[in-house]
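These notes are about the structure you will find just below.
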Number of protein chains: 2
Amino acid sequence: MEEHALKALGERITCLRQQREWSLSHLAERAGIAKSNLSRIEQGIGNPTLDTLWRMARQLEVPFGTLVAPAAGALIDSGMRVTLLEQGTDDACPVDAYLMHCDPHSRRIAEAHTPHTRERVEVIHGHIRVGPTEAPAELDAGDSLEFNADCEHLYEAGDQPVAMLITILHAPRRPR
Amino acid sequence: MEEHALKALGERITCLRQQREWSLSHLAERAGIAKSNLSRIEQGIGNPTLDTLWRMARQLEVPFGTLVAPAAGALIDSGMRVTLLEQGTDDACPVDAYLMHCDPHSRRIAEAHTPHTRERVEVIHGHIRVGPTEAPAELDAGDSLEFNADCEHLYEAGDQPVAMLITILHAPRRPR
DNA sequence: ATAAAACGTTCGATTAAAGGAACAATCTGA
DNA sequence: TCAGATTGTTCCTTTAATCGAACGTTTTAT
(Lines give C-alpha, C1' and ligand atoms only; values in the text may rest on other atoms or scores of the structure.)
Protein backbone atom coordinates (compact mmCIF):
# COMPACT_ATOMS: atom_id res chain seq x y z
CA MET A 1 0.00 0.00 0.00
CA GLU A 2 1.10 3.47 -0.69
CA GLU A 3 2.85 5.10 2.17
CA HIS A 4 1.59 8.50 1.19
CA ALA A 5 -2.01 7.40 1.54
CA LEU A 6 -1.43 6.22 5.08
CA LYS A 7 0.12 9.52 5.98
CA ALA A 8 -2.75 11.44 4.42
CA LEU A 9 -5.23 9.32 6.33
CA GLY A 10 -3.45 10.05 9.58
CA GLU A 11 -3.38 13.76 8.93
CA ARG A 12 -7.03 13.71 8.04
CA ILE A 13 -7.98 11.98 11.26
CA THR A 14 -5.89 14.40 13.28
CA CYS A 15 -7.61 17.27 11.51
CA LEU A 16 -11.09 15.93 12.14
CA ARG A 17 -10.27 15.23 15.74
CA GLN A 18 -8.89 18.69 16.39
CA GLN A 19 -11.87 20.29 14.68
CA ARG A 20 -13.95 18.73 17.44
CA GLU A 21 -11.40 19.84 20.03
CA TRP A 22 -10.92 16.28 21.21
CA SER A 23 -7.71 14.91 22.62
CA LEU A 24 -6.19 11.81 21.17
CA SER A 25 -6.97 9.96 24.38
CA HIS A 26 -10.57 11.10 24.28
CA LEU A 27 -11.23 9.93 20.73
CA ALA A 28 -9.53 6.63 21.46
CA GLU A 29 -11.73 6.09 24.49
CA ARG A 30 -14.91 7.07 22.66
CA ALA A 31 -14.10 4.79 19.77
CA GLY A 32 -13.11 1.98 22.08
CA ILE A 33 -9.58 1.56 20.78
CA ALA A 34 -6.21 1.83 22.50
CA LYS A 35 -4.70 5.27 22.32
CA SER A 36 -1.40 3.72 21.35
CA ASN A 37 -3.17 2.39 18.29
CA LEU A 38 -4.66 5.75 17.41
CA SER A 39 -1.33 7.44 17.94
CA ARG A 40 0.35 5.18 15.42
CA ILE A 41 -2.42 5.67 12.87
CA GLU A 42 -2.28 9.45 13.12
CA GLN A 43 1.47 9.23 12.55
CA GLY A 44 0.80 7.32 9.37
CA ILE A 45 2.59 4.18 10.49
CA GLY A 46 0.80 0.87 10.45
CA ASN A 47 -2.12 -0.44 8.53
CA PRO A 48 -5.36 -0.07 10.45
CA THR A 49 -8.11 -2.65 10.49
CA LEU A 50 -11.57 -2.12 9.06
CA ASP A 51 -12.95 -2.35 12.56
CA THR A 52 -10.64 0.37 13.81
CA LEU A 53 -11.46 2.70 10.92
CA TRP A 54 -15.14 1.97 11.32
CA ARG A 55 -15.19 2.90 15.00
CA MET A 56 -13.38 6.13 14.32
CA ALA A 57 -15.62 7.17 11.45
CA ARG A 58 -18.64 6.59 13.68
CA GLN A 59 -17.31 8.81 16.44
CA LEU A 60 -16.14 11.50 14.06
CA GLU A 61 -19.53 11.32 12.34
CA VAL A 62 -17.90 11.15 8.97
CA PRO A 63 -19.12 8.96 6.10
CA PHE A 64 -16.74 6.07 5.97
CA GLY A 65 -15.71 6.78 2.40
CA THR A 66 -14.64 10.33 3.02
CA LEU A 67 -12.38 9.22 5.83
CA VAL A 68 -10.11 7.32 3.52
CA ALA A 69 -11.27 7.86 -0.06
CA PRO A 70 -9.82 11.35 -0.48
CA ALA A 71 -6.43 9.74 -0.28
CA ALA A 72 -7.24 7.86 -3.44
CA GLY A 73 -6.96 10.92 -5.62
CA ALA A 74 -3.94 12.81 -6.77
CA LEU A 75 -2.91 15.67 -4.56
CA ILE A 76 -2.88 18.70 -6.77
CA ASP A 77 -2.24 21.41 -4.27
CA SER A 78 -2.22 22.20 -0.60
CA GLY A 79 -5.11 20.26 0.86
CA MET A 80 -6.93 19.61 -2.42
CA ARG A 81 -7.35 16.21 -3.98
CA VAL A 82 -8.90 15.38 -7.33
CA THR A 83 -10.06 12.01 -8.60
CA LEU A 84 -10.89 11.47 -12.24
CA LEU A 85 -14.23 9.67 -12.38
CA GLU A 86 -14.76 9.38 -16.10
CA GLN A 87 -13.72 10.88 -19.41
CA GLY A 88 -16.25 11.47 -22.13
CA THR A 89 -15.72 9.73 -25.45
CA ASP A 90 -17.82 12.12 -27.48
CA ASP A 91 -15.59 14.09 -29.87
CA ALA A 92 -18.22 16.74 -30.29
CA CYS A 93 -18.10 17.52 -26.60
CA PRO A 94 -15.33 15.88 -24.56
CA VAL A 95 -16.24 15.94 -20.89
CA ASP A 96 -14.03 15.17 -17.90
CA ALA A 97 -15.77 14.36 -14.62
CA TYR A 98 -13.86 14.79 -11.35
CA LEU A 99 -14.55 14.37 -7.67
CA MET A 100 -12.68 16.95 -5.64
CA HIS A 101 -12.00 17.11 -1.90
CA CYS A 102 -10.69 20.21 -0.16
CA ASP A 103 -9.37 20.55 3.35
CA PRO A 104 -10.74 23.45 5.39
CA HIS A 105 -9.37 26.83 4.28
CA SER A 106 -7.41 25.31 1.42
CA ARG A 107 -7.06 27.59 -1.56
CA ARG A 108 -5.98 27.21 -5.16
CA ILE A 109 -5.81 29.38 -8.24
CA ALA A 110 -6.07 27.42 -11.48
CA GLU A 111 -4.63 28.56 -14.77
CA ALA A 112 -6.91 29.33 -17.70
CA HIS A 113 -7.95 26.35 -19.79
CA THR A 114 -8.15 26.42 -23.56
CA PRO A 115 -10.57 28.95 -25.05
CA HIS A 116 -14.28 28.22 -24.77
CA THR A 117 -13.72 25.60 -22.08
CA ARG A 118 -16.50 25.68 -19.53
CA GLU A 119 -16.49 24.25 -16.05
CA ARG A 120 -19.39 23.14 -13.89
CA VAL A 121 -19.23 22.47 -10.15
CA GLU A 122 -21.72 20.86 -7.76
CA VAL A 123 -21.13 21.05 -4.04
CA ILE A 124 -21.86 17.88 -2.05
CA HIS A 125 -20.94 19.25 1.35
CA GLY A 126 -19.09 22.20 2.81
CA HIS A 127 -18.81 25.79 1.68
CA ILE A 128 -16.57 27.05 -1.11
CA ARG A 129 -15.78 30.18 -3.06
CA VAL A 130 -15.30 29.24 -6.69
CA GLY A 131 -15.29 30.79 -10.15
CA PRO A 132 -13.30 33.30 -12.19
CA THR A 133 -10.77 34.99 -9.93
CA GLU A 134 -12.30 38.43 -10.43
CA ALA A 135 -15.86 37.24 -9.80
CA PRO A 136 -16.05 34.10 -7.66
CA ALA A 137 -19.34 32.77 -6.29
CA GLU A 138 -20.14 31.43 -2.82
CA LEU A 139 -21.57 27.92 -2.87
CA ASP A 140 -22.98 25.62 -0.17
CA ALA A 141 -24.04 21.99 -0.20
CA GLY A 142 -26.46 21.39 -3.07
CA ASP A 143 -25.48 24.49 -5.00
CA SER A 144 -24.08 24.37 -8.50
CA LEU A 145 -22.33 26.79 -10.82
CA GLU A 146 -21.22 26.88 -14.43
CA PHE A 147 -18.61 29.33 -15.63
CA ASN A 148 -16.09 29.99 -18.41
CA ALA A 149 -12.81 28.34 -17.49
CA ASP A 150 -10.73 30.00 -20.21
CA CYS A 151 -9.49 32.47 -17.64
CA GLU A 152 -7.78 32.19 -14.28
CA HIS A 153 -10.15 30.77 -11.69
CA LEU A 154 -10.27 30.20 -7.96
CA TYR A 155 -11.13 27.53 -5.43
CA GLU A 156 -11.23 28.47 -1.76
CA ALA A 157 -12.74 26.20 0.88
CA GLY A 158 -14.60 27.43 3.97
CA ASP A 159 -13.97 26.23 7.50
CA GLN A 160 -15.19 22.70 6.79
CA PRO A 161 -13.97 19.98 4.45
CA VAL A 162 -15.51 20.31 1.01
CA ALA A 163 -16.55 17.65 -1.48
CA MET A 164 -17.67 18.62 -4.95
CA LEU A 165 -18.19 17.29 -8.44
CA ILE A 166 -16.41 19.08 -11.24
CA THR A 167 -17.13 18.60 -14.91
CA ILE A 168 -14.94 20.20 -17.51
CA LEU A 169 -16.51 20.76 -20.92
CA HIS A 170 -13.62 21.00 -23.35
CA ALA A 171 -15.68 22.40 -26.19
CA PRO A 172 -18.63 24.79 -26.34
CA ARG A 173 -21.89 23.07 -25.66
CA ARG A 174 -23.76 22.19 -28.76
CA PRO A 175 -26.94 24.29 -29.01
CA ARG A 176 -30.01 22.18 -28.45
CA MET B 1 -17.58 -4.13 14.70
CA GLU B 2 -20.90 -5.23 13.51
CA GLU B 3 -20.94 -8.72 12.18
CA HIS B 4 -23.62 -7.91 9.66
CA ALA B 5 -21.47 -5.27 8.02
CA LEU B 6 -18.66 -7.75 7.52
CA LYS B 7 -21.01 -10.19 5.91
CA ALA B 8 -22.43 -7.52 3.64
CA LEU B 9 -18.94 -6.49 2.66
CA GLY B 10 -18.08 -10.04 1.74
CA GLU B 11 -21.19 -10.47 -0.36
CA ARG B 12 -20.51 -7.19 -2.11
CA ILE B 13 -17.00 -8.23 -3.04
CA THR B 14 -18.21 -11.57 -4.28
CA CYS B 15 -20.82 -9.78 -6.38
CA LEU B 16 -18.36 -7.31 -7.86
CA ARG B 17 -15.93 -10.10 -8.60
CA GLN B 18 -18.51 -12.25 -10.33
CA GLN B 19 -19.74 -9.30 -12.37
CA ARG B 20 -16.29 -9.24 -13.88
CA GLU B 21 -16.36 -12.99 -14.28
CA TRP B 22 -13.20 -13.35 -12.22
CA SER B 23 -12.40 -16.34 -10.06
CA LEU B 24 -11.51 -15.85 -6.44
CA SER B 25 -7.99 -16.99 -7.20
CA HIS B 26 -7.70 -14.51 -10.06
CA LEU B 27 -8.76 -11.50 -8.05
CA ALA B 28 -6.47 -12.52 -5.21
CA GLU B 29 -3.53 -12.76 -7.58
CA ARG B 30 -4.32 -9.45 -9.28
CA ALA B 31 -4.64 -7.69 -5.95
CA GLY B 32 -1.52 -9.33 -4.59
CA ILE B 33 -3.14 -10.99 -1.58
CA ALA B 34 -3.43 -14.62 -0.56
CA LYS B 35 -6.54 -16.30 -1.81
CA SER B 36 -7.06 -17.77 1.63
CA ASN B 37 -7.35 -14.22 2.86
CA LEU B 38 -9.84 -13.26 0.18
CA SER B 39 -11.85 -16.40 0.85
CA ARG B 40 -12.25 -15.49 4.50
CA ILE B 41 -13.25 -11.95 3.69
CA GLU B 42 -15.90 -13.02 1.20
CA GLN B 43 -17.29 -15.34 3.85
CA GLY B 44 -17.58 -12.39 6.19
CA ILE B 45 -15.20 -13.73 8.79
CA GLY B 46 -12.26 -11.65 9.91
CA ASN B 47 -11.51 -8.00 9.89
CA PRO B 48 -9.56 -7.01 6.81
CA THR B 49 -6.77 -4.48 6.82
CA LEU B 50 -6.90 -1.15 5.03
CA ASP B 51 -4.16 -2.37 2.75
CA THR B 52 -6.14 -5.45 1.79
CA LEU B 53 -9.31 -3.48 1.11
CA TRP B 54 -7.33 -0.91 -0.79
CA ARG B 55 -5.79 -3.45 -3.15
CA MET B 56 -9.15 -5.01 -3.85
CA ALA B 57 -10.90 -1.72 -4.52
CA ARG B 58 -8.16 -0.83 -7.00
CA GLN B 59 -8.55 -4.03 -8.94
CA LEU B 60 -12.33 -3.91 -8.89
CA GLU B 61 -12.12 -0.27 -9.98
CA VAL B 62 -14.52 0.74 -7.28
CA PRO B 63 -14.19 3.91 -5.18
CA PHE B 64 -13.03 2.80 -1.78
CA GLY B 65 -16.02 4.20 0.04
CA THR B 66 -18.57 2.33 -2.02
CA LEU B 67 -16.78 -0.91 -1.29
CA VAL B 68 -17.36 -0.76 2.43
CA ALA B 69 -20.21 1.73 2.94
CA PRO B 70 -22.66 1.83 0.08
CA ALA B 71 -25.51 3.22 2.19
CA ALA B 72 -27.79 3.29 -0.80
CA GLY B 73 -25.70 0.53 -2.26
CA ALA B 74 -24.35 -0.06 -5.72
CA LEU B 75 -27.46 -1.50 -7.25
CA ILE B 76 -27.71 -3.28 -10.50
CA ASP B 77 -30.76 -2.81 -12.62
CA SER B 78 -31.46 -3.76 -16.18
CA GLY B 79 -28.27 -2.56 -17.82
CA MET B 80 -27.78 0.29 -15.38
CA ARG B 81 -25.02 0.50 -12.79
CA VAL B 82 -25.04 3.10 -10.06
CA THR B 83 -22.15 3.79 -7.70
CA LEU B 84 -22.33 6.08 -4.73
CA LEU B 85 -19.50 8.61 -4.91
CA GLU B 86 -20.13 10.62 -1.77
CA GLN B 87 -22.79 11.52 0.73
CA GLY B 88 -23.16 15.04 2.01
CA THR B 89 -22.88 15.62 5.74
CA ASP B 90 -24.77 18.90 5.72
CA ASP B 91 -28.06 18.48 7.57
CA ALA B 92 -29.48 21.56 5.94
CA CYS B 93 -29.08 20.02 2.52
CA PRO B 94 -28.10 16.34 2.39
CA VAL B 95 -26.70 15.54 -1.03
CA ASP B 96 -25.98 12.15 -2.56
CA ALA B 97 -23.64 12.05 -5.53
CA TYR B 98 -23.75 9.07 -7.89
CA LEU B 99 -21.99 7.96 -11.02
CA MET B 100 -24.32 6.05 -13.32
CA HIS B 101 -23.55 3.87 -16.30
CA CYS B 102 -26.23 2.70 -18.71
CA ASP B 103 -26.00 0.09 -21.43
CA PRO B 104 -27.35 1.12 -24.84
CA HIS B 105 -31.16 1.18 -24.97
CA SER B 106 -31.46 0.36 -21.29
CA ARG B 107 -34.51 1.86 -19.66
CA ARG B 108 -35.65 2.40 -16.12
CA ILE B 109 -38.55 4.10 -14.39
CA ALA B 110 -37.74 5.31 -10.89
CA GLU B 111 -40.29 5.77 -8.15
CA ALA B 112 -40.98 9.21 -6.74
CA HIS B 113 -38.63 10.31 -3.99
CA THR B 114 -39.76 12.15 -0.89
CA PRO B 115 -41.47 15.51 -1.50
CA HIS B 116 -39.29 18.44 -2.54
CA THR B 117 -36.43 16.15 -3.50
CA ARG B 118 -34.67 17.45 -6.56
CA GLU B 119 -32.36 15.61 -8.88
CA ARG B 120 -29.62 16.93 -11.12
CA VAL B 121 -27.97 15.01 -13.94
CA GLU B 122 -24.86 15.75 -16.01
CA VAL B 123 -24.12 13.67 -19.05
CA ILE B 124 -20.48 12.70 -19.57
CA HIS B 125 -20.97 10.73 -22.74
CA GLY B 126 -23.79 9.16 -24.71
CA HIS B 127 -27.38 10.23 -25.26
CA ILE B 128 -30.19 9.79 -22.76
CA ARG B 129 -33.82 10.69 -22.23
CA VAL B 130 -34.30 11.64 -18.62
CA GLY B 131 -36.71 13.50 -16.36
CA PRO B 132 -40.30 13.25 -15.12
CA THR B 133 -42.06 10.48 -16.98
CA GLU B 134 -44.60 12.80 -18.54
CA ALA B 135 -42.00 15.35 -19.68
CA PRO B 136 -38.54 13.87 -20.16
CA ALA B 137 -35.69 15.80 -21.74
CA GLU B 138 -33.14 14.69 -24.34
CA LEU B 139 -29.56 15.13 -23.20
CA ASP B 140 -26.18 14.65 -24.89
CA ALA B 141 -22.63 14.75 -23.59
CA GLY B 142 -22.03 17.96 -21.67
CA ASP B 143 -25.70 18.67 -21.09
CA SER B 144 -27.23 18.95 -17.64
CA LEU B 145 -30.73 19.01 -16.22
CA GLU B 146 -32.33 19.64 -12.86
CA PHE B 147 -35.85 18.46 -12.10
CA ASN B 148 -38.23 17.62 -9.27
CA ALA B 149 -37.77 14.00 -8.30
CA ASP B 150 -40.85 13.76 -6.10
CA CYS B 151 -42.69 12.15 -8.97
CA GLU B 152 -42.09 9.12 -11.15
CA HIS B 153 -39.15 9.71 -13.45
CA LEU B 154 -37.48 8.06 -16.39
CA TYR B 155 -34.04 7.08 -17.62
CA GLU B 156 -33.71 5.79 -21.17
CA ALA B 157 -30.34 5.43 -22.86
CA GLY B 158 -29.74 6.00 -26.56
CA ASP B 159 -27.88 3.64 -28.85
CA GLN B 160 -24.55 4.19 -27.09
CA PRO B 161 -23.35 3.50 -23.55
CA VAL B 162 -24.09 6.39 -21.25
CA ALA B 163 -22.14 7.77 -18.31
CA MET B 164 -23.62 10.48 -16.16
CA LEU B 165 -23.34 12.14 -12.78
CA ILE B 166 -26.45 12.24 -10.64
CA THR B 167 -26.86 14.36 -7.56
CA ILE B 168 -29.90 13.95 -5.36
CA LEU B 169 -30.83 16.92 -3.20
CA HIS B 170 -32.87 15.54 -0.31
CA ALA B 171 -34.15 18.89 0.89
CA PRO B 172 -35.16 22.07 -0.91
CA ARG B 173 -32.19 24.23 -1.70
CA ARG B 174 -31.75 27.00 0.77
CA PRO B 175 -32.53 30.38 -0.87
CA ARG B 176 -29.46 32.52 -1.18
C1' DA C 1 -11.63 -42.58 -19.08
C1' DT C 2 -8.11 -40.30 -17.07
C1' DA C 3 -4.91 -36.76 -16.35
C1' DA C 4 -4.31 -32.01 -15.69
C1' DA C 5 -5.74 -27.74 -14.29
C1' DA C 6 -8.40 -24.61 -11.65
C1' DC C 7 -11.82 -23.95 -8.28
C1' DG C 8 -12.73 -22.43 -3.27
C1' DT C 9 -11.90 -23.94 1.53
C1' DT C 10 -9.18 -25.22 5.53
C1' DC C 11 -4.98 -25.82 8.04
C1' DG C 12 -0.42 -24.35 10.76
C1' DA C 13 3.39 -20.67 10.68
C1' DT C 14 4.60 -16.09 10.29
C1' DT C 15 3.84 -11.38 10.69
C1' DA C 16 1.98 -7.39 12.36
C1' DA C 17 -2.05 -4.95 14.35
C1' DA C 18 -4.27 -4.02 18.75
C1' DG C 19 -4.15 -3.69 23.71
C1' DG C 20 -1.99 -2.31 28.20
C1' DA C 21 1.44 -0.14 31.06
C1' DA C 22 5.14 2.96 31.73
C1' DC C 23 7.18 7.10 30.12
C1' DA C 24 8.48 12.26 29.90
C1' DA C 25 6.34 16.52 29.04
C1' DT C 26 2.69 19.69 29.61
C1' DC C 27 -1.25 21.72 31.69
C1' DT C 28 -4.19 22.43 35.88
C1' DG C 29 -5.51 23.83 40.41
C1' DA C 30 -4.91 24.37 45.23
C1' DT D 1 5.18 26.06 44.72
C1' DC D 2 4.00 21.53 44.24
C1' DA D 3 0.96 17.71 43.69
C1' DG D 4 -2.30 15.78 40.51
C1' DA D 5 -4.17 15.09 36.15
C1' DT D 6 -3.69 14.85 31.16
C1' DT D 7 -1.22 15.15 27.05
C1' DG D 8 0.92 12.01 23.24
C1' DT D 9 4.59 8.60 22.57
C1' DT D 10 7.07 4.18 23.18
C1' DC D 11 7.84 -0.23 24.91
C1' DC D 12 6.22 -5.11 25.60
C1' DT D 13 2.61 -8.63 25.35
C1' DT D 14 -1.28 -10.62 23.39
C1' DT D 15 -4.22 -11.30 19.73
C1' DA D 16 -5.44 -12.16 15.13
C1' DA D 17 -4.77 -10.94 10.17
C1' DT D 18 -2.06 -12.58 6.48
C1' DC D 19 0.52 -15.97 4.08
C1' DG D 20 1.82 -20.40 1.95
C1' DA D 21 0.67 -25.09 1.43
C1' DA D 22 -2.30 -28.92 1.32
C1' DC D 23 -6.85 -30.37 0.84
C1' DG D 24 -11.13 -32.32 -1.64
C1' DT D 25 -13.95 -31.00 -5.38
C1' DT D 26 -15.19 -29.55 -9.95
C1' DT D 27 -14.06 -28.34 -14.65
C1' DT D 28 -11.35 -28.86 -18.70
C1' DA D 29 -8.57 -31.32 -22.04
C1' DT D 30 -6.42 -35.16 -24.05
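The chains referred to below are lettered A, B, ... by the order of the sequence lines, with proteins before strands, and numbering in each begins at 1.
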Separation of C:dA17 P from A:I41 CD1 (nearest whole Å): 10 Å
Co-membership, hydrophobic cluster, residues A:M80 and A:Y98, 4.5 Å side-chain: yes
Got a list of protein N/O to nucleotides 26-28 of chain D N/O distances below 3.5 Å?
none

Gap between atoms CG and C1', on A:D51 and D:dT15 respectively (whole Å): 13 Å
Results of side chain to side chain donor-acceptor pair (under 3.5 Å) for B:E11 - residues two or more places apart only: none
Any B:L24 side-chain heavy atom under 4.5 Å of B:R17 side chain: yes
Rounded distance in Å - CE (B:M56) to P (D:dT18): 10 Å
Nucleotide nearest A:A34 when distance is taken to its side chain, options D:dC19, C:dG19, D:dT7: C:dG19
A:T114 side chain to A:T117 side chain, donor-acceptor N/O pair below 3.5 angstrom: yes
Nearest-angstrom distance from the residue atom CD1 of A:I33 to C1' of C:dG20: 14 Å
Cluster check B:L154, B:M100: I/L/V/M/F/W/Y, side chain < 4.5 angstrom: no
Minimum heavy-atom distance B:A157-B:V162, with the two atoms named: CB-CG2, 3.8 Å
Five-pair end axes of the helix from C:dA1-D:dT30 to C:dA30-D:dT1, angle between them (10°): 20°
Atom pair distance, as rounded to whole Å: CD in B:E29 and P in C:dG8: 13 Å
B:T49 or B:H26, whichever maps to the more 5' nucleotide of DNA chain C: B:H26
Inter-residue atom distance A:D143.CG - A:E138.CD, 0.5 Å rounding: 10.5 Å
Rounded distance (Å) that lies between atom P of C:dA17 and atom CG of A:L38: 15 Å
Residues which pass side chain to side chain donor-acceptor pair (under 3.5 Å) with A:D150, listed by chain and number, not counting sequence neighbours: none
Transitive ILVMFWY side-chain link B:L145 to B:I128, under 4.5 Å: yes
Nucleotides 9-14 of chain D: which of its N/O atoms have a protein N/O under 3.5 Å away?
residue : atom : partner : partner atom : Å
D:dT9   : OP2  : A:S39   : OG           : 2.7

Spacing between B:E21 atom CD and C:dA6 atom C1', to the nearest angstrom: 16 Å
D:dT18 OP1/OP2 closer than 4.0 Å to side-chain N/O of B:R55: no
Atom pair distance, as rounded to whole Å: CH2 in A:W22 and P in D:dG8: 14 Å
Check: B:Q43/B:S39 side-chain N/O donor and acceptor closer than 3.5 Å: yes
Side chain to side chain donor-acceptor pair (under 3.5 Å) partners of B:Q59, counting only residues at least two apart: B:R30
